[in-house]
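Quick one: this structure, given as structure tokens, is what I'll be asking you about.
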Amino acid sequence: TNQAVFGFAEAPLSPQLRLQFGARAERVEVRGTPADDVPTSRSLTPLSASVGLLFEPSEQWRLGLALSSAARAPAQTELFARGVHEATATWEIGLPSLRRERANSAEASLRWRGERVHADGSLWVTNFRNYIYGELTGRTCSEEGDCVSGDSEELIELLYTQRGARFQGAEGHAEIELLQVSNGDLHLNLQADVVRATLDGAGNVPRIPPWRVGVGFAWQGQRVDAAIVGRYAGRQSRVSAGESPTAGYFNLDLDFAWRPWVSIPGVEVAISGRNLTDSLQRNAVAFNKDEVILPGRELRLQLRARFD
């Protein structure tokens with residue numbers, strides 16, 4: 001059960017400067033039966049707050065700085081898991097004594113809105129106290145719970161635990177108008193993000209995505225919309241104990257929509273393509289990435305109709 005109350009407020013300090021602040025209080029009660037078969041109940045009261053400054057010297061520029069301290073109660077699975085998780089092929093054991101997780105964060109952001117260029121970017125860092133995560137032990141287990149060293153059994157043993165952690169990252173996006181004519185416009189889209197995460201005295205945080213970059217072109221017109229986007233996900237070699245590195249890959253997607261009748265704009269023929277290069281892709285944050293690959297090339301032809 002969960003109850004919460006929260007509030008948000010904004011106060012102008014000058015015509016260009018605004019102060020924002022918010023707070024949230026929760027009451028969480030989680031009941032379950034852990035591996036020792038003793039029914040257990042946990043009651044926690046996470047408290048969170050944030051404050052931010054927005055500086056807008058003109059209609060084009062916005063600069064932001066935000067500080068926050070957010071608390072989270074451990075989830076039911078993290079407390080009371082006790083067996084097979086079929087979707088991830090893991091044998092999971094919760095920790096009923098987990099404490100509240102707290103994240104203290106700082107973020108700086110920049111936004112630009114020009115006549116032909118829109119861009120957003122941010123830098124952030126988060127220090128966790130009692131960060132909750134699933135730790136791989138290096139053992140494997142049968143469906144009956146018999147666990148041994150090595151990979152002879154089909155399920156990976158995972159124990160929930162917590163310790164301090166530090167996350168830091170950056171992300172950015174830009175949309176550039178390349179062409180504008182009477183029947184449509186052409187845009188260039190650029191995007192990138194990266195995150196680095198480490199545990200206090202224990203190496204890398206498990207299951208962290210790699211750095212990614214992307215570039216795409218999009219046409220929006222009266223009769224035709226089209227977009228092609230290429231994204232590259234880098235190699236993830238900063239892994240935790242029990243994890244294997246994940247190779248980088250390139251992904252190419254395509255979308256095309258044609259509205260054949262001007263008098264019926266809600267009807268269109270659409271073609272979409274995913275992973276057009278049919279590259280081998282693995283999800284770095286998945287437990288079963290070594291056994292399961294992401295979908296290969298996919299093409300779809302659709303007839304869509306919308307009537308207002």
Side-chain angles (χ1 to χ4, degrees), residues 68-75 77-79 81 85 87-95 97-108 121-141 147-151 153 155-172 191-214 231-251 279-294:
S68 65
S69 181
R72 179 180 77 89
T77 300
E78 296 164 339
L79 292 168
H85 192 308
T88 58
T90 52
W91 179 273
E92 301 185 5
I93 299 296
L95 184 61
S97 61
L98 288 174
R99 292 168 288 177
R100 281 185 299 253
E101 178 184 274
R102 179 163 294 279
N104 297 313
S105 303
E107 180 179 6
S122 65
L123 297 170
W124 56 270
V125 60
T126 300
N127 286 317
F128 282 91
R129 188 169 71 244
N130 300 325
Y131 176 70
I132 301 171
Y133 65 102
E135 182 178 47
L136 300 178
T137 66
R139 304 200 305 170
T140 54
C141 306
C147 300
V148 298
S149 298
D151 58 1
E153 299 294 342
L155 303 173
I156 305 169
E157 186 179 43
L158 180 144
L159 306 181
Y160 284 101
T161 186
Q162 62 187 167
R163 68 169 62 231
R166 180 182 176 87
F167 286 60
Q168 51 194 333
E171 56 184 299
Q191 61 188 66
D193 65 83
V194 62
V195 60
R196 179 80 175 98
T198 55
L199 297 165
D200 292 350
N204 299 304
V205 173
R207 296 172 295 281
I208 295 298
W211 60 270
R212 296 173 294 189
V213 295
R231 298 184 180 90
Y232 183 78
R235 173 180 170 84
Q236 181 54 287
S237 56
R238 291 171 170 168
V239 296
S240 68
E243 287 188 295
S244 59
T246 305
Y249 62 84
F250 178 74
N251 183 78
S279 61
L280 180 66
Q281 304 177 8
R282 297 186 186 274
N283 184 358
V285 304
F287 286 100
N288 55 1
K289 65 182 180 181
D290 293 328
E291 290 78 31
V292 179
I293 62 174
L294 295 174

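Computed from a prediction, not measured in an experiment: that's the story for all the values here.
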Subject >> Test side-chain contact (heavy atoms from CB on, under 4.5 Å) applied to Ala241 - qualifying residues, sequence neighbours left out >> reply: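 By the side-chain contact (heavy atoms from CB on, under 4.5 Å) rule, Ala241 matches no residue at all.
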Original post:
What pairs meet the salt bridge (charged side-chain N to carboxylate O under 4.0 Å, His left out) rule with one or both residues in residues 231-251, with sequence neighbours excluded?
Top reply: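 Sorted result for residues 231-251: Arg231-Asp253.
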**OP:** Check the surroundings of atom CZ in Arg72: do more than 12 heavy atoms from other residues, nucleotides or ligands lie under 6.0 Å from it?
**Re:** yes
Subject >> Shortest non-hydrogen separation from Ile208 to Phe167 and the atoms involved >> reply: CD1-CE2, 3.8 Å
Subject >> Donor on one side chain, acceptor on other, Asn204 and Arg196, under 3.5 Å >> reply: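 The answer is yes; a qualifying pair exists.
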Original post:
How would you list, by chain and number, every residue that makes a ring-ring contact (aromatic ring centres under 6.0 Å, His included) with Phe250, sequence neighbours excluded?
Top reply: none
**OP:** With rounding to the nearest 0.5 Å, note down the distance linking CG in Leu199 to OG in Ser240.
**Re:** 7.5 Å
**OP:** With sequence neighbours left out, write down each residue that passes side chain to side chain donor-acceptor pair (under 3.5 Å) with Thr88, or none if nothing qualifies.
**Re:**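 Thr88 satisfies side chain to side chain donor-acceptor pair (under 3.5 Å) with His85, Thr90 once adjacent residues are dropped.
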**OP:** Taking side-chain contact (heavy atoms from CB on, under 4.5 Å) as the test, write out the residues that go with Val285, two or more places apart.
**Re:** Arg207, Pro209, Asn283
Original post:
Can you name the closest pair of heavy atoms from Val239 and Gln236 and give their distance?
Top reply: CG1-O, 3.8 Å
**OP:** Go through the structure and list residues passing side chain to side chain donor-acceptor pair (under 3.5 Å) with Tyr131, not counting sequence neighbours.
**Re:**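 Tyr131: no side chain to side chain donor-acceptor pair (under 3.5 Å) contacts found.
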Subject >> With Glu153 via side chain to side chain donor-acceptor pair (under 3.5 Å) - residues at least two apart >> reply: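 By the side chain to side chain donor-acceptor pair (under 3.5 Å) rule, Glu153 matches no residue at all.
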**OP:** Please report the closest heavy-atom contact between Pro210 and Ala284, naming both atoms and the distance.
**Re:** CD-CB, 3.9 Å
Subject >> Between SG on residue Cys141 and CG on residue Leu155, distance to nearest 0.5 Å >> reply: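 Spacing of SG (Cys141) from CG (Leu155) equals 6.5 Å.
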**OP:** For residues 155-165, pull every pair meeting salt bridge (charged side-chain N to carboxylate O under 4.0 Å, His left out), keeping only residues two or more places apart or in separate chains.
**Re:** Arg139-Glu157
Subject >> From Glu92 atom CD to Leu158 atom CG, the distance as rounded to the nearest 0.5 Å >> reply: 5.0 Å
**OP:** Supply the atom-to-atom distance Leu98 CG to Glu78 CD, rounded to the nearest 0.5 angstrom.
**Re:**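 One finds 7.0 Å between CG of Leu98 and CD of Glu78.
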**OP:** Return the set of residues passing salt bridge (charged side-chain N to carboxylate O under 4.0 Å, His left out) with Arg100 (not counting sequence neighbours), or none when no residue passes.
**Re:**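 If we apply the salt bridge (charged side-chain N to carboxylate O under 4.0 Å, His left out) test to Arg100, skipping adjacent residues, there are no hits.
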**OP:** Quick one: pull up CG in Asp151 and CG in Asp290 and give me the separation to the nearest 0.5 Å.
**Re:**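 Here the rounded value is 10.5 Å.
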**OP:** Please name all residues satisfying side-chain contact (heavy atoms from CB on, under 4.5 Å) with Glu107, sequence neighbours left out, ordered by chain then number.
**Re:**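 Checked Glu107 against side-chain contact (heavy atoms from CB on, under 4.5 Å); matches are Ser122, Trp124.
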Original post:
If you measure from OH on Tyr160 to OG1 on Thr77, what distance do you get to the nearest 0.5 Å?
Top reply: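 Between atom OH of Tyr160 and atom OG1 of Thr77 there are 6.0 Å.
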Original post:
Who are the side-chain contact (heavy atoms from CB on, under 4.5 Å) partners of Leu123, not counting sequence neighbours?
Top reply: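 Result, side-chain contact (heavy atoms from CB on, under 4.5 Å) vs Leu123: Ala170.
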**OP:** Could you pull out the closest heavy-atom pair between Ala103 and Thr126, with the gap in Å?
**Re:** CB-CG2, 3.7 Å
Subject >> Counterpart residues, ring-ring contact (aromatic ring centres under 6.0 Å, His included), relative to Tyr249 (two or more places apart) >> reply: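 Partners of Tyr249 by the ring-ring contact (aromatic ring centres under 6.0 Å, His included) criterion come out as none, since no residue qualifies.
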